[in-house]
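Encoded as structure tokens, the structure appears first; notes follow it.
Only a predicted model underlies this, so the values are computations on that prediction, with no experimental measurement involved. One-based numbering along the sequence shown.
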Amino acid sequence: MLVRLNRVRPGGERAAGPAAGGAAAGAAAPARGAGAGQGAGPARRPAAAVPAVAPDGPAVPGPASPTAPAVPNRRVPLPQKQTGRGGLRLAGRNPSLDRLLAASRPRVSGSALSFLLMVALPTVVAALYFAFVASPQYVSEFRFAVRAQDAIPQDSLSAATAVSPISVLADNFVVADFARSRDVVDRLEAEVGLRRVYGDADVDALSRFDPTASVEHLVKYWEGKVDAHFDMTTGINSIQVRAFSPDDAHTLAVALQKLCEELVNSISEKARQTQVQYAEDQVARAERKLADVRARETEFRARVQTVDAAQSASTQIALAAKVEGDLTSMRAEYETVRRYLDDTSPRIKVLKDQIASTEAQLAAIKERVKVGGDANPTDARTIGEYETLKVDADVALKIYQAALQSYEQARLRALANQLYLATYVQPTMPQDAAYPRRTLDTFLFFLAALGIWVVSTLVFYSVRDHAH
């Protein structure tokens with residue numbers, strides 16, 4: 001690119017340099033000389049030829065004037081258009097001009113643009129939504145505690161029936177978890193109508209539940225509308241229910257309280273039935289065993305025709321001992337009388353007959369006592385069988401008595417372990433909307449958007465640095 005330079009002569013006139021190469025400069029110089037000679041006034045010297053200036057090369061001299069000495073050329077750099085990979089841009093060697101051009105360009109930082117799109121604009125939209133669009137939500141709360149029936153420990157049995165604190169703690173957690181379960185959703189849908197309450201057309205689109213959605217979506221939606229909290233320090237449960245009208249919030253809270261009471265009662269009743277049922281089963285088994293032993297004993301008595309075989313045998317043995325004693329006395333008397341009387345004496349005959357009769361009676365008694373027929377109550381085998389039956393009957397009776405005692409203990413324990421729901425704060429009727437919390441929710445949204453933006457920016461710069 002060639003640049004034409006004008007130089008001020010001593011007489012106040014400018015000399016114009018050529019605008020093209022050396023040939024153009026040589027042709028222009030004679031023309032100016034002829035014109036100057038024809039005009040009025042002093043004669044002008046022809047303008048010296050100015051060498052052509054290349055942008056990035058040395059000066060190319062043109063035809064020099066014969067009358068004027070060559071004037072050194074001054075190169076003044078101007079902004080030039082250069083085309084590179086980035087497109088058309090201006091470049092030059094004048095730092096001041098480069099800074100001026102750079103300052104004149106409108107520059108928007110990528111970080112500022114991303115902050116505007118990811119943080120500022122969404123925060124403004126969220127603030128407008130919370131302020132003018134979001135439907136008010138009302139909260140109804142009730143508080144309760146799961147308690148066990150107080151038992152006065154009068155003996156070791158009552159002390160053993162004391163309720164474990166760990167069991168009561170677990171029951172409180174069960175109730176808190178039950179309030180968010182699908183069972184509650186199904187029963188509330190049947191009794192109150194959750195889809196009708198949360199799917200009202202007056203509710204804003206972002207907060208409204210789609211009535212045509214599945215029950216799984218309804219359970220997730222319900223989890224966001226109920227807050228169940230259990231304080232382990234005080235043992236108090238607090239449940240809050242949110243709805244888009246005060247009446248709906250109060251109705252849902254009352255229905256949920258009723259379901260929680262039914263749950264606690266069912267848990268208590270099931271535990272009581274389990275304990276008592278086991279004890280009843282033990283008593284029934286003991287009764288069956290005792291009845292079987294009694295039946296065998298009755299059959300034995302009918303077979304031997306005596307109520308107590310052992311007692312009958314003892315009686316026979318005592319009778320045999322008495323008869324044997326009588327026989328001994330008769331024999332002693334007979335020996336004494338024989339010394340004084342003849343064998344034909346009536347007294348001697350009577351003693352002989354008594355002795356013979358007593359011996360026969362004693363033999364019959366001994367026959368009964370020794371091992372003999374099955375129906376003999378004095379038979380040794382019969383006595384042994386009877387003794388076995390008697391032992392079995394005694395054991396069965398003791399087992400039955402122990403089972404009865406266990407049943408009574410289980411019944412008392414079931415009464416002592418009975419749980420109930422003690423509600424000390426009834427479901428409230430809200431008057432003011434608790435949600436949305438416009439300022440706090442907007443600030444929390446801003447913090448969340450800011451965190452996402454910071455993380456995204458750090459990831460972007462990290463990836464870019466690794467790419468370079």
Subject >> Heavy-atom pair of closest approach, residues V293 and D392 >> reply: CG1-C, 3.6 Å
Subject >> Closest contact, heavy atoms only, P246 versus M429 >> reply: O-SD, 3.6 Å
**OP:** Answer whether the closest heavy-atom distance between the side chains of Y334 and I348 falls below 4.5 Å.
**Re:** yes
**OP:** Could you tell me whether the side chain of V425 reaches within less than 4.5 Å of the side chain of E141, counting heavy atoms only?
**Re:** no
Subject >> Residues D326, K322: salt bridge by 4.0 Å N-O rule >> reply: yes
Subject >> Spacing of OG1 belonging to T439 relative to CZ belonging to F443, to within rounding of 0.5 Å >> reply: 11.0 Å
**OP:** Using a strict 4.0 Å threshold on nitrogen-to-oxygen distance, state whether R411 and E408 make a salt bridge.
**Re:** yes
Original post:
To the nearest 0.5 Å, what is the distance between NZ (K220) and CZ (F209)?
Top reply: 11.5 Å
Original post:
Just checking, any donor-acceptor pair under 3.5 angstrom between side chains of N265 and S268?
Top reply: no
**OP:** Report the C-alpha distance between S406 and Q282 in whole Å, list the side-chain angles of each, state the deciding distance to 0.1 Å, and finish with yes or no for side chain to side chain contact (heavy atoms under 4.5 Å, CB included).
**Re:** CA-CA 8 Å; S406 298; Q282 296 297 321; 5.9 Å; no
Subject >> Taking every non-hydrogen atom, the tightest pair across A393 and L290 >> reply: O-CD1, 3.8 Å
**OP:** Could I get the full list of side-chain hydrogen bond (donor to acceptor under 3.5 Å, both in side chains) partners for R180, not counting sequence neighbours?
**Re:** none
Original post:
Do side-chain atoms of H217 reach the backbone of A213 as a donor and acceptor pair under 3.5 angstrom?
Top reply: no
Original post:
Donor-acceptor pair, D177 side chain versus F173 backbone, under 3.5 Å?
Top reply: no
Original post:
salt bridge (Lys or Arg N to Asp or Glu O under 4.0 Å): which pairs involve residues 272-290, sequence neighbours left out?
Top reply: E269-R272
Subject >> Over 12 non-hydrogen atoms of neighbours within 6.0 angstrom of OH in Y424 >> reply: yes
Original post:
Are any of the side-chain heavy atoms of R143 and Q426 separated by less than 4.5 Å?
Top reply: no
Original post:
Strictly by modelled atom types, are S245 and D248 linked by a side-chain donor-acceptor pair under 3.5 Å?
Top reply: yes
**OP:** Keeping the roles fixed (side chain from S357, backbone from Q354), state whether a donor-acceptor pair exists under 3.5 Å.
**Re:** no
Subject >> Quiz item: cation-pi between R208 and Y198, 6.0 Å / 45° >> reply: no
**OP:** Can you measure from OH (Y129) to OG (S207) and round to the nearest 0.5 angstrom?
**Re:** 3.5 Å
Original post:
Is it true that E299 and R296 have a side-chain N and a carboxylate O under 4.0 angstrom from each other?
Top reply: no
Original post:
Is the shortest heavy-atom distance from the side chain of I452 to the side chain of M118 under 4.5 Å?
Top reply: yes
Subject >> Separation between CG of L263 and CG of L421, rounded to the nearest 0.5 Å >> reply: 9.0 Å
Original post:
Is the backbone N or O of S135 less than 3.5 Å from a side-chain atom of D204, with the two atoms forming a donor-acceptor pair by type?
Top reply: yes
Subject >> Set of residues satisfying ring pair (Phe, Tyr, Trp, His ring centres under 6.0 Å) with respect to F142, sequence neighbours excluded >> reply: F144
Subject >> Main-chain N/O of V184 paired with W222 side-chain donor or acceptor, under 3.5 Å >> reply: no
Subject >> From CA spacing to verdict: side chain to side chain contact (heavy atoms under 4.5 Å, CB included), E333, R338 >> reply: CA-CA 9 Å; E333 185 180 359; R338 281 184 63 185; over 6 Å; no
**OP:** With the side chain counted from C-beta on, respond yes when Y221 and R195 share a heavy-atom pair under 4.5 Å apart, and no when they do not.
**Re:** no
Subject >> Minimum side-chain heavy-atom gap V185-S181 below 4.5 Å >> reply: no
Original post:
Is any side-chain heavy atom of W453 closer than 4.5 Å to a side-chain heavy atom of F115?
Top reply: yes
Subject >> Inter-residue atom distance D186.CG - E189.CD, 0.5 Å rounding >> reply: 8.5 Å
Subject >> Sidechain N-carboxylate O distance under 4.0 Å for R182, E216 >> reply: yes
Subject >> S140 side chain near L252 side chain, heavy-atom distance below 4.5 Å >> reply: no
